[in-house]
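By convention in this document, chain letters (A, B, ...) are assigned in the order of the sequence lines, proteins followed by strands, and residues within each chain are numbered from 1.
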Amino acid sequence: MKRLNRPFFHRPTLTVARDLLGCTLVRILEGQRLAGTIVEVEAYIGEADQACHASRGRTPRNSVMYGTPGMLYVYFTYGMHHCANIVTEREDFPAAVLIRAIHPTDGISQMIRFRGRDSLPELTSGPAKLCQALAIDRALNGEDLTTSSRIWLEPGSSIPEERVATGPRIGVEGAREAALYPWRFWVSGDPCLSRPRRIKST
DNA sequence: CTCTCGATGCGCT
DNA sequence: GCGCATCGAGAGA
């Protein structure tokens, strides 16, 4: 199967974020394929972005963001949740795209088991939910999505411009004016979007 | 439906 | 110690 390669990720983060909509996130677990279409993402760009984990410089935790584009950056937060990001731009420039929601397509019964919920939108409609549904944790931090046999991205149907909505990122209020940047992208009307979808696209 | 709040581990100041 | 790029239960309307 075709997968997204290095040049795709080695581009401006906002471009990568928008183009990731409609692509398929694939996770192989014990020989089984778990997958879904990306429907919501957020961009985090550089040390100047007050909402970015790298805003206070390089640390052991965020070092993957400074690495090769196409790597997976997984972090642990709130004492119980994981979030998955895709590293973008050139090496040594910290930037990534947070996967906030996917629309399940393959391995749904396994996702139901991992999540302990059985309604389709509840499986993957949030950054920590989809990590639980796909069994993504820190063991995958730094994984190369262009070569890994455990997790990767495949091109999907391209989403036309009129179905792409943008707005401020979620949960970053402490980030001063960066909290207002319209760096969240989603597929308008998809049933698997994350919770706060009150922001209208129009 | 909306809002509030507790859970829970750890990276970093 | 503090503060999380969150989630889900529970209460109230």
What pairs of residues pass the salt bridge (charged side-chain N to carboxylate O under 4.0 Å, His left out) test when at least one of them lies in [range], not counting sequence neighbours?
| range | result |
| --- | --- |
| residues 50-59 of chain A | A:Arg58-A:Asp92 |
| residues 128-148 of chain A | A:Arg6-A:Asp144, A:Glu122-A:Lys129, A:Glu143-A:Arg150 |
| residues 101-120 of chain A | A:Arg33-A:Asp106 |

Any stem touching DNA chain B, meaning at least three consecutive Watson-Crick or G-U pairs under 3.5 Å, ordered by first number, would be B:1-7 with C:6-12, B:9-12 with C:1-4

Between P on B:dG9 and CG on A:Asp137, what's the gap in Å once rounded to a whole number? 15 Å

Under the side chain to side chain contact (heavy atoms under 4.5 Å, CB included) test, residues paired with [X] that sit two or more places apart:
| X | value |
| --- | --- |
| A:Pro7 | A:Asn5 |
| A:Met71 | A:Val64, A:Thr68, A:Val87 |
| A:Pro12 | A:Thr15 |

For every nucleotide of nucleotides 1-9 of chain C, 5' to 3': is a protein heavy atom under 4.0 Å from its base (B), only from its sugar-phosphate (S), or from neither (-)? ---BBBSSS

Through direct or indirect side-chain contacts below 4.5 angstrom among Ile, Leu, Val, Met, Phe, Trp and Tyr, which residues connect to A:Val26? A:Ile28, A:Trp152

Per-pair distances, 0.1 Å, donor-acceptor, side chain in residues 46-55 of chain A, under 3.5 Å, sequence neighbours excluded:
residue, atom, partner, partner atom, Å
A:Glu47, OE2, A:Tyr66, OH, 2.6
A:Asp49, OD1, A:Ala51, N, 3.0
A:Asp49, OD1, A:Arg169, NH2, 3.0
A:Asp49, OD2, A:Ile45, N, 3.1
A:Asp49, OD2, A:Arg169, NH1, 2.7
A:His53, ND1, A:Tyr73, OH, 2.8
A:Ser55, OG, A:Cys52, O, 3.1

State which residues pass salt bridge (Lys or Arg N to Asp or Glu O under 4.0 Å) with A:Arg18; sequence neighbours excluded, sorted by chain then number. A:Glu161

Would you call A:Arg100-A:Glu42 a salt bridge at under 4.0 Å N-O? yes

For DNA chain C, the residues among residues 13-25 of chain A that have a non-hydrogen atom under 4.0 Å from it: none

